[in-house]
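Here's the structure we're looking at; comments come further down.
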Amino acid sequence: MKYTTRQSAILLLSDGTIFHGKSIGISGTTFGEVCFNTGMTGYQEIFTDPSYFGQIMVATNAHIGNYGVNEKEIESSSIKISGLVCKNFSYNYSREDASGSLENYFIEQNLICISDVDTRALVSYIRENGAMNAVICTDGSSVEELKASLAKVPDMNGLELASKVSTKEAYFYGDEQATYKISVLDLGIKTNILRNLAKRDCYIKVFPFDASYQDMQSFNPDGYFLSNGPGDPEPLSSAIQVAKAIIENNNPLFGICLGHQVIGLANGVSTYKMFNGHRGINHPVKNIVTGKGEITSQNHGFAVNKEELDNHPDLEITHVHLNDGTVAGMRMKNKNCFSVQYHPEASPGPHDSSYLFDQFIENIKA
């Protein structure tokens with residue numbers, strides 16, 4: 001194997017802390033909120049998940065790139081993370097049905113990455129000090145110059161990002177002859193959510209993030225769905241109004257992740273930015289209704305206020321995150337509406353929670 005030298009690179013956090021490593025692929029700088037994912041597999045699905053828009057991803061798994069990429073394993077049309085930080089990057093891959101290397105995939109999509117970082121120390125630091133903005137630099141820019149640029153990057157709190165990843169035009173998904181019709185509000189939807197709905201005999205029309213209730217109603221749907229997505233839910237005034245209208249008309253409604261938070265806001269329950277979010281495919285959740293535990297796929301940095309939910313006359317908590325007691329699911333007592341904070345479509349991840357799509361269909365039937 002030919003020996004090659006690699007450009008030195010740094011990860012600079014907004015508090016001035018620096019982690020050193022080596023550049024992968026293209027040269028340059030990239031900014032975003034640094035966060036970490038504990039998943040041991042599924043890196044391609046993670047990188048293309050629109051919910052990660054605006055974030056620099058730290059992979060806790062020691063090896064990234066070892067099984068290459070496959071065009072069937074994407075959750076959107078392009079890479080959505082702002083940059084990648086990892087320990088060991090595999091330039092070679094061994095999977096037979098891979099369509100190419102992760103390195104070439106990054107180069108094609110202009111993603112700036114840094115490897116050979118002490119990711120255990122970095123994750124420990126983030127856990128102790130909270131999520132914060134950061135910059136990856138692989139082009140040798142001075143630290144002072146980077147600090148000045150980083151100071152201008154907006155904080156994730158209060159930042160509306162759904163408009164950056166939502167579809168610009170409405171489109172259809174699934175079999176036109178399917179039994180059920182679903183109107184979906186795209187706040188940054190993962191493709192596997194659409195696959196799960198289509199698999200359950202649904203024909204879907206996906207609407208832009210700022211579509212009105214009347215727009216979505218024009219499809220004459222049997223049910224409505226509010227998707228996952230990036231950023232703070234509070235600035236999404238249009239989506240909140242849509243959720244209010246759906247609830248007021250008692251249409252079957254299901255929300256996931258950002259959609260779950262929007263449903264909370266539509267009911268007057270506040271949301272807040274977490275010190276560190278939940279990101280991984282091994283998060284334990286308890287279903288309070290059944291008493292069963294679920295291993296879940298999660299990706300969120302905001303949560304619904306549990307105390308306000310407990311005191312709300314029309315809402316009840318259905319799922320709780322067992323690590324920290326945060327709200328993982330809720331439903332309305334007097335309306336055909338429920339939501340979860342995690343990802344039952346689980347791509348990547350376990351399938352413990354896929355029953356929630358069946359529950360949505362049962363609600364439509366009822």
Side-chain angles (χ1 to χ4, degrees), residues 4 6-13 19-39 41-93 95 98-117 119 122-123 126 131-141 146 149-150 153 156 159 161 164-165 188 190-191 229-231 279-280 299 301 347-348:
T4 56
R6 295 166 58 205
Q7 178 73 31
S8 294
I10 64 168
L11 173 74
L12 170 66
L13 305 184
F19 289 84
H20 296 270
K22 297 290 185 180
S23 172
I24 303 166
I26 68 170
S27 178
T29 58
T30 187
F31 300 84
E33 183 187 63
V34 67
C35 64
F36 59 90
N37 187 294
T38 57
T41 185
Y43 54 71
Q44 189 178 355
E45 293 94 330
I46 292 166
F47 301 158
T48 56
D49 179 352
S51 295
Y52 282 119
F53 185 85
Q55 293 180 313
I56 291 173
M57 173 56 57
V58 181
T60 62
N61 188 23
H63 299 280
I64 296 295
N66 50 306
Y67 58 84
V69 294
N70 186 311
E71 58 188 17
K72 296 178 182 177
E73 295 172 2
I74 58 174
E75 291 299 324
S76 66
S77 59
S78 62
I79 289 177
K80 292 299 189 290
I81 60 171
S82 295
L84 173 69
V85 181
C86 64
K87 175 61 177 171
N88 300 313
F89 187 84
S90 300
Y91 290 86
N92 299 311
Y93 58 94
R95 188 169 54 158
S99 54
S101 71
L102 188 59
E103 178 193 15
N104 288 336
Y105 189 54
F106 285 166
I107 293 171
E108 290 165 7
Q109 306 235 355
N110 295 314
L111 189 75
I112 293 171
C113 309
I114 177 174
S115 70
D116 297 80
V117 174
T119 49
L122 173 57
V123 169
I126 298 169
M132 65 185 80
N133 285 337
V135 54
I136 298 174
C137 177
T138 64
D139 63 6
S141 298
L146 293 171
S149 298
L150 185 56
V153 178
M156 190 66 74
L159 196 60
L161 294 176
K164 309 293 185 185
V165 295
K190 290 174 67 178
T191 302
R279 298 176 180 90
N299 169 22
S347 182

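Hydrogens, waters and symmetry mates play no part in the numbers below; they use all other heavy atoms, side chains included.
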_Note, Lys164 side chain near Pro230 side chain (heavy atom, < 4.5 Å)_ = no
*Working to the nearest 0.5 Å, report the span between SG of Cys137 and CG of Leu150.*
11.5 Å
*Show your reasoning for whether side-chain contact (heavy atoms from CB on, under 4.5 Å) applies to Thr38 and Arg279.*
CA-CA 7 Å; Thr38 57; Arg279 298 176 180 90; over 6 Å; no
_Under a 3.5 Å distance rule, please check whether Ser76 uses its side chain to pair with a backbone N or O of Thr48 as donor and acceptor._
yes
_If you define the side chain from C-beta out and look only at heavy atoms, does anything of Gln109 sit under 4.5 Å from Ser78?_
yes
*Non-hydrogen side-chain atoms of Ile46 and Met57 separated by less than 4.5 Å*: yes
*What are the two closest heavy atoms between Ile64 and Cys86, and how far apart are they?*
CG1-CB, 4.0 Å
_I need the minimum non-hydrogen distance between Ser149 and Phe31, along with the two atoms involved._
CB-CZ, 3.6 Å
_Just by distance, no angles: are the side chains of Tyr43 and Asn61 close enough, under 3.5 Å, to form a donor-acceptor pair?_
no
*With a 4.5 Å heavy-atom cut-off, do Thr138 and Lys22 have their side chains touching?*
no
*Between Val165 and Gly188, which heavy-atom pair has the shortest distance, and what is it?*
CG2-CA, 3.6 Å
*Measure the shortest side-chain to side-chain distance between Ile136 and Leu84 over non-hydrogen atoms and say whether it is less than 4.5 angstrom.*
no
*Can you tell me how far CD1 of Ile112 sits from CD1 of Ile107, rounded to the nearest 0.5 angstrom?*
12.0 Å
*For residues Met132 and Val34, determine if any side-chain heavy atom of one lies less than 4.5 Å from a side-chain heavy atom of the other.*
yes
_From CA spacing to verdict: side-chain contact (heavy atoms from CB on, under 4.5 Å), Asn299, Asp49_ = CA-CA 9 Å; Asn299 169 22; Asp49 179 352; 3.2 Å; yes
*Please round to the nearest 0.5 Å and tell me the distance separating atom CG of Asn88 and atom OG1 of Thr119.*
8.0 Å
*Return the set of residues passing ring pair (Phe, Tyr, Trp, His ring centres under 6.0 Å) with Phe36 (not counting sequence neighbours), or none when no residue passes.*
none
*Using distance alone, with no hydrogens and no angle criterion, decide if Ser141 and Asp139 have a side-chain donor and acceptor under 3.5 Å apart.*
yes
*Approximate separation, where rounding is to 0.5 Å, of Asn70 CG and Ser99 OG*: 5.0 Å
*For the residue pair Ser101 and Val69, what are the closest heavy atoms and their distance?*
O-CG2, 4.0 Å
*Between Phe47 and Tyr105, ring centroids under 6.0 Å*: no
*Which pair of non-hydrogen atoms, one from Asp116 and one from Arg6, has the smallest distance, and what is that distance?*
OD1-NH1, 3.0 Å
_Point-to-point distance, once rounded to the nearest 0.5 Å, from CD1 of Ile114 to OG of Ser8_ = 9.0 Å
_What I'd like to find out is whether the side chain of Ile81 reaches to under 4.5 Å of the side chain of Leu111, using heavy atoms alone._
yes
*asked:* Can you list everything that forms a ring pair (Phe, Tyr, Trp, His ring centres under 6.0 Å) with Tyr91? Sequence neighbours excluded, please.
replied: Phe89
_Quick one: does any side-chain atom of Thr60 pair with a main-chain N or O of Asn37 as donor and acceptor, under 3.5 Å?_
yes
*Kindly compute the distance separating NE2 (His20) from CG (Leu12), expressed to the nearest 0.5 Å.*
10.0 Å
*Do the side chains of Ser347 and Glu75 get nearer than 4.5 Å, heavy atoms only?*
yes
_Salt bridge Arg95-Glu73, side-chain N to carboxylate O under 4.0 Å_ = yes
*Where do Pro50 and Lys80 come nearest, in terms of heavy atoms and distance?*
CA-CG, 3.7 Å
